[in-house]
Amino acid sequence: MTDASPRSGDLCGHAIGVFDSGVGGLTVLRALRARLPGESFVYLGDTARLPYGTKSRETVVRYSLQCAAQLVARDIKALVVACNTASGVALEALRERFAPLPVIGVLEPGARAAVAATRNGSIAVIATEGTVQGGAYQRAIAQLRFEVRIVARACPLFVALAEEGWTEGPIVESIARRYLDELFAPGPGRPDTLVLGCTHFPVLRDAIASVLGGTVTIVDSASTTADVVHDLLQANGLTNPVFATPRLSLLATDGASRFARVGGVFSGAPLTADDVEVVDL
Ligand code: DGL
């Protein structure tokens with residue numbers, strides 16, 4: 001007797017592929033590993049070409065297809081696009097090129113978390129320039145609840161701060177104030193929810209929260225994305241049934257030492273250069 005689903009059964013033990021423009025997506029990987037402790041993962045950070053957030057749509061789509069091809073060659077059973085910028089522009093191209101591989105982005109889950117959190121129907125989104133200008137979060141939120149008021153702002157310096165490991169203190173707070181004061185100006189439409197629409201921003205969450213005070217709910221897409229992946233694996237019969245020792249492979253397109261040093265901040269656990277394989281796309 002053969003399995004009815006060609007993508008289930010023998011694929012269960014295969015790894016889930018995750019890619020980002022760099023180390024920021026390790027915040028998503030961390031949530032995925034916590035939610036899916038029996039699954040193996042292969043993570044690719046395109047560190048040679050970071051940032052994606054300032055590049056054109058065409059370039060980000062091309063880079064995303066190359067990242068995915070590297071992971072597909074490693075026999076992944078599902079692909080998570082951990083990068084918000086890539087999720088905003090490349091999902092369709094990835095799904096088309098690699099069908100029937102399930103491809104999950106972080107943007108729709110982030111939008112869902114924001115819509116669930118807001119009480120007054122006013123949401124602020126902070127992200128990279130590419131994500132904000134492309135309007136993908138604005139569209140995803142409006143599709144879920146069209147009457148929501150959405151304000152968005154690019155915060156490129158947050159990416160640099162996170163990469164530098166500067167996640168708290170007066171410099172971070174003063175930059176956060178400069179970016180956020182206008183978005184959260186007092187008044188009737190003041191957002192009550194903030195979406196961290198970039199992989200790098202969750203490590204700055206405490207500093208951002210201290211600037212905003214206690215009245216704003218901060219959401220990011222990592223844990224909601226992990227829930228989506230969990231449900232998708234189950235629905236497709238792709239969950240690893242054995243609580244086997246899961247494998248983790250870390251790939252980067254440049255700089256294993258830097259990946260390990262900065263990546264430790266994002267993954268919440270120390271890494272060494274030996275943990276990272278450098279690959280060419
Ligand atoms: N990974 C990107 C994102 O989530 C942030 C860094 C970059 O610009 O590449 O949008």
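Residues: numbered from 1 along the sequence shown. Note that the coordinates shown come from a computational prediction; the quantities given were computed from them, not determined experimentally. Indexing begins at 1, ligand by ligand and atom by atom, following the structure's order.
Salt-bridge formation is not detected for the pair R62/E58: no Lys NZ or Arg NE/NH1/NH2 atom is positioned less than 4.0 Å from an Asp or Glu carboxylate oxygen.
Contact annotation: the side chain of R97 never approaches that of V72 to less than 4.5 Å [non-hydrogen atoms, C-beta and beyond]. With a 4.5 Å cut-off on side-chain heavy atoms, C198 and F158 do not count as touching.
Scanning the protein for heavy atoms near atom 10 (O) of ligand 1, the closest one is T85 OG1, 2.6 Å. If you check which protein heavy atom lies closest to atom 5 (C) of ligand 1, you get C198 SG, 3.4 Å.
Here T128 has side-chain heavy atoms under 4.0 Å from ligand 1, and that is the only part of it that gets that close. At a heavy-atom distance under 4.0 Å, only side-chain atoms of D20, from C-beta outward, approach ligand 1. At a heavy-atom cutoff of 4.0 Å, ligand 1 is contacted by the side chain of L50 but not by its backbone.
Heavy-atom proximity to G53, at under 4.0 Å, picks out these atoms of ligand 1: 7 (C), 8 (O), 9 (O).
Any N or O atom pair closer than 3.5 Å counts here, and S21 shares at least one such pair with ligand 1. Between H200 and ligand 1, no pair of N/O atoms sits closer than 3.5 Å.
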Evaluate the criterion side chain to side chain contact (heavy atoms under 4.5 Å, CB included) for residue pair L11 and N236; output intermediate values, then yes/no.
CA-CA 11 Å; L11 284 180; N236 289 280; over 6 Å; no
Under the side-chain hydrogen bond (donor to acceptor under 3.5 Å, both in side chains) rule, what do Q70 and R74 come out as? Steps first, then yes or no, please.
CA-CA 7 Å; Q70 171 70 226; R74 291 170 190 248; 3.1 Å; yes
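T253 and D46 form a side-chain donor-acceptor contact under 3.5 Å, judged by distance and modelled atom types alone.
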